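Predicted model, so just to flag it, every value in this text is computed and none were measured.
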Amino acid sequence: RPRQRALGLLLCAAFVMLPAWPAFFFGGNAASEKPLETYVALTKINVREMCDVQSAKTGRIIEQGEKFQVQGSGAVGPQRFFKLADGPGWVFQRGVAGRWLDKDII
């Protein structure tokens, strides 16, 4: 389990950092090159610690209809993950349980 967690952290970091690498090496401001994106929750979303559907929940909940901003994203298989811009945590695009299973939730 510690090995899985370490790999998960590395994957999450790569999703956020890789888009900034060209600016790091060639100058410029990566934040200004990629604006924040805004999404609306279609249902209640439990924010996760890492970009993994099995990751622990942070305790933060994005309520149905709530707008939120993301600063990075990436995909693992069919699931797309989004890094929240206003603090720690990740949300994913498709539901993983109940009536939202395999349906877009943002």
Side-chain angles (χ1 to χ4, degrees):
R1 189 78 179 140
R3 184 182 219 168
Q4 271 186 322
R5 183 164 173 77
L7 289 173
L9 287 171
L10 183 61
L11 181 63
C12 293
F15 283 150
V16 174
M17 295 300 295
L18 284 177
W21 283 18
F24 176 77
F25 288 112
F26 303 111
N29 182 348
S32 65
E33 293 172 17
K34 183 163 175 45
L36 297 178
E37 296 179 66
T38 301
Y39 291 89
V40 177
L42 300 177
T43 187
K44 181 176 82 170
I45 301 173
N46 288 296
V47 177
R48 305 295 176 128
E49 290 180 358
M50 296 188 303
C51 56
D52 179 355
V53 296
Q54 300 299 320
S55 176
K57 298 173 185 175
T58 65
R60 178 179 174 193
I61 295 174
I62 297 176
E63 297 293 340
Q64 181 178 352
E66 183 178 341
K67 291 181 181 179
F68 60 96
Q69 292 187 309
V70 301
Q71 67 179 12
S73 66
V76 177
Q79 189 67 275
R80 188 160 189 85
F81 296 91
F82 299 89
K83 173 71 177 92
L84 296 177
D86 65 350
W90 294 79
V91 296
F92 32 86
Q93 182 175 9
R94 301 183 66 77
V96 295
R99 69 184 188 109
W100 291 96
L101 181 64
D102 293 329
K103 295 180 183 172
D104 285 348
I105 59 174
I106 61 172

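- Rounding to the nearest 0.5 angstrom, the gap separating the CD atom in Gln93 from the CD1 atom in Ile106 is 5.5 Å.
- The side-chain hydrogen bond (donor to acceptor under 3.5 Å, both in side chains) test applied to Gln64 returns no partner, not counting sequence neighbours.
- Scanning for ring pair (Phe, Tyr, Trp, His ring centres under 6.0 Å) contacts around Phe68 gives an empty result, with sequence neighbours left out.
- Here the CG-NZ distance, from Leu42 to Lys103, works out to 11.5 Å after rounding to the nearest 0.5 Å.
- Across every non-hydrogen atom of Arg80 and Ala75, the tightest pair is NH1-CB, 3.9 Å.
- Residues satisfying the side chain to side chain contact (heavy atoms under 4.5 Å, CB included) test with Val96, not counting sequence neighbours, are Arg48, Val53, Gln79, Phe92.
- Cluster annotation: Val76 and Trp90 are assigned to the same hydrophobic cluster (Ile/Leu/Val/Met/Phe/Trp/Tyr, side-chain heavy-atom contacts under 4.5 Å, transitive).
- Between Lys83 and Val70 the shortest side-chain heavy-atom distance does not fall below 4.5 Å.
- Contacts classified as ring-ring contact (aromatic ring centres under 6.0 Å, His included) and involving residues 37-63 (residues at least two apart or in different chains) are given here: Tyr39-Phe82.
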Sequence neighbours left out, cut at 3.5 Å: what donor-acceptor pairs do the side chains of residues 56-63 make with other protein atoms?
residue: Thr58; atom: OG1; partner: Val47; partner atom: O; Å: 3.4
residue: Thr58; atom: OG1; partner: Arg60; partner atom: N; Å: 3.1
residue: Arg60; atom: NH1; partner: Asp86; partner atom: OD1; Å: 2.9
residue: Arg60; atom: NH2; partner: Asp86; partner atom: OD2; Å: 3.2

